[in-house]
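This report refers to the structure that appears directly beneath it.
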Amino acid sequence: MGHLEYKKKSNRIFSELGCHIHSVYEIYYFVSGDAELMVEGRIFKLTPHSLLIFPPNVLHGIQVNSCDDYVRYCLYISPQDLIPERLHFLTDIVTDTKKAPQELLYEHTESFRLEQFFYNLKQLEEQPEDIRATFEPIFTESLVAQINLLYHTLRPSRVSHGTAGKIDAIVSYLNLHLTTPMTLDSIADHFFLSKNYLNRTFKEAIGTTVIEYLRYKRVLLARQHILNGETAMNAAILSGFSDYSTFYRTYVKYMNISPHSDIHTSPKTIVIKR
């Protein structure tokens with residue numbers, strides 16, 4: 001079933017996991033604190049009772065800016081965690097093409113009492129296994145249904161501020177052309193930038209270099225193809241890798257497991273260190 005994390009920290013300024021990517025959906029509910037969330041180069045200044053919904057494979061990270069209490073819930077959900085009749089409650093939100101990709105943030109959600117839904121799930125951790133197995137699917141689906149109601153009621157908030165220069169446009173370009181052969185030179189030429197300036201500003205904003213970002217995203221795309229039944233060789237080709245040996249080394253580097261062995265493993269978090 002979905003995995004819930006609750007965190008409360010006081011008197012500490014920190015970054016949470018650096019920049020990272022999940023292979024599952026993440027529902028992030030911010031209760032209190034002084035924090036900003038980076039999502040694919042866009043910066044969200046979080047306000048109490050903010051809700052963020054991430055589809056799989058979205059690069060993000062948290063920066064806590066003061067010693068105020070930082071309190072949040074994170075629920076990680078795989079499609080298998082919801083019965084087919086309920087899955088659209090979640091996927092409708094993140095695949096709505098009428099909305100721009102940055103519209104993942106909902107503020108002023110107090111009237112939907114989401115904290116109580118998260119609290120109910122957290123309380124199950126203290127229950128015997130048979131009780132957890134019975135109620136976790138029900139509680140999880142109740143939360144997702146409430147969020148879907150919120151989605152149909154509230155208007156998403158816009159990003160507070162973006163990254164410097166053309167980084168937003170570059171991130172969008174890379175994701176739209178993920179399987180297209182690209183080099184640092186060709187990307188820099190496309191945006192009329194020097195490759196040194198491009199790499200430096202991209203790393204300052206995103207936390208990794210342009211080429212490393214491409215490799216992360218291509219590996220995640222390849223993993224999805226593998227989980228959907230493709231061979232590792234076909235997954236490499238479909239994900240933009242020019243040769244299998246490079247694909248294999250890159251996959252093992254980021255996933256810590258070979259592509260052939262990754263069929264039945266747990267959902268992964270890839271941490272991108274600066």
Side-chain angles (χ1 to χ4, degrees), residues 2-17 19-20 22 24-56 58-77 82 86-123 138-163 168 171-172:
H3 172 64
L4 177 69
E5 290 183 359
Y6 169 77
K7 177 174 288 185
K8 178 176 180 179
K9 290 198 173 184
S10 304
N11 304 318
R12 187 179 171 195
I13 299 173
F14 66 97
S15 294
E16 187 172 72
L17 287 181
C19 295
H20 56 283
H22 302 293
V24 294
Y25 294 91
E26 177 180 349
I27 298 172
Y28 175 99
Y29 183 68
F30 178 73
V31 179
S32 65
D34 177 10
E36 295 178 337
L37 187 91
M38 188 281 287
V39 184
E40 297 282 355
R42 300 182 304 276
I43 308 298
F44 296 95
K45 176 64 177 177
L46 296 174
T47 58
H49 306 288
S50 293
L51 176 74
L52 289 110
I53 305 163
F54 305 120
V58 171
L59 180 70
H60 59 284
I62 281 284
Q63 176 67 44
V64 176
N65 299 314
S66 77
C67 294
D68 297 340
D69 285 353
Y70 168 68
V71 184
R72 63 95 171 123
Y73 291 91
C74 285
L75 180 64
Y76 305 100
I77 304 179
L82 300 172
R86 303 284 188 270
L87 180 58
H88 75 92
F89 284 172
L90 181 61
T91 57
D92 283 353
I93 301 171
V94 296
T95 59
D96 188 344
T97 56
K98 294 180 294 184
K99 294 182 170 62
Q102 71 264 28
E103 294 180 341
L104 301 168
L105 171 66
Y106 294 86
E107 298 179 288
H108 310 299
T109 66
E110 294 91 330
S111 64
F112 291 88
R113 302 185 184 279
L114 294 177
E115 191 169 358
Q116 185 62 52
F117 287 83
F118 283 104
Y119 178 78
N120 292 343
L121 274 169
K122 187 176 185 305
Q123 288 296 97
I138 299 170
F139 284 10
T140 299
E141 288 185 358
S142 296
L143 171 59
V144 172
Q146 185 73 355
I147 289 172
N148 192 270
L149 176 63
L150 177 152
Y151 158 72
H152 283 99
T153 306
L154 291 184
R155 185 180 298 273
S157 298
R158 292 286 181 177
V159 61
S160 298
H161 57 281
T163 52
D168 287 349
V171 169
S172 297

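Just so it is clear, the structure is predicted and the values come from calculations on it, not from any experiment. In what follows, residues are counted from 1 in the order of the sequence shown.
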Under 4.0 Å between a Lys/Arg side-chain N and an Asp/Glu carboxylate O for Asp68 and Lys9?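 No, Asp68 and Lys9 are not salt-bridged.
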Tyr28 vs Arg72, side-chain contact (heavy atoms from CB on, under 4.5 Å): CA-CA, chis, key distance, verdict: CA-CA 7 Å; Tyr28 175 99; Arg72 63 95 171 123; 3.8 Å; yes
Are Tyr76 and His22 close enough that their ring centers fall under 6.0 Å?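 When the ring centroids of Tyr76 and His22 are compared, they turn out to be within the sub-6.0 Å range.
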Taking the side chain as every heavy atom from C-beta outward, state whether [X] and [Y] have any atom pair closer than 4.5 Å.
X: Val71; Y: Lys7; value: no
X: Thr140; Y: Ile138; value: no
X: Leu105; Y: Ser50; value: yes

Taking atom [atom1] of [X] and atom [atom2] of [Y], what is their separation to the nearest 0.5 Å?
X: Thr109; Y: Phe30; atom1: OG1; atom2: CZ; value: 11.5 Å
X: His108; Y: Ser157; atom1: NE2; atom2: OG; value: 6.5 Å
X: Cys74; Y: Tyr29; atom1: SG; atom2: OH; value: 13.0 Å
X: Asp34; Y: Leu46; atom1: CG; atom2: CG; value: 9.5 Å
X: Ile53; Y: Glu26; atom1: CD1; atom2: CD; value: 11.0 Å
X: His49; Y: Glu110; atom1: NE2; atom2: CD; value: 4.5 Å

Show, in sequence, the C-alpha distance, side-chain angles and deciding distance for Val39 and Leu59, and conclude whether the side-chain contact (heavy atoms from CB on, under 4.5 Å) test is met. CA-CA 6 Å; Val39 184; Leu59 180 70; over 6 Å; no
Any idea how Tyr6 and Tyr73 line up, ring-wise: parallel (<30°), tilted (30 to 60°), or perpendicular (>60°)?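 Rings of Tyr6 and Tyr73: tilted, 30 to 60°.
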Checking Val144 against Arg86 for the side-chain contact (heavy atoms from CB on, under 4.5 Å) test, could you report, in this order, the C-alpha distance in whole Å, the side-chain angles of both residues, the deciding distance, and whether it holds? CA-CA 8 Å; Val144 172; Arg86 303 284 188 270; over 6 Å; no
Side chains of Ser32 and Asp69 only: does a donor on one sit below 3.5 Å from an acceptor on the other? no
Using modelled atom types and a 3.5 Å cut-off, is there a donor and acceptor pairing between side-chain atoms of Thr153 and backbone atoms of Leu149? yes
Spell out, as yes or no, whether a donor-acceptor pair under 3.5 Å connects the side chain of His60 to the backbone of Val58.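 Checked: pair present.
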Full working for side-chain contact (heavy atoms from CB on, under 4.5 Å) between Val24 and Ile77: CA-CA 6 Å; Val24 294; Ile77 304 179; over 6 Å; no
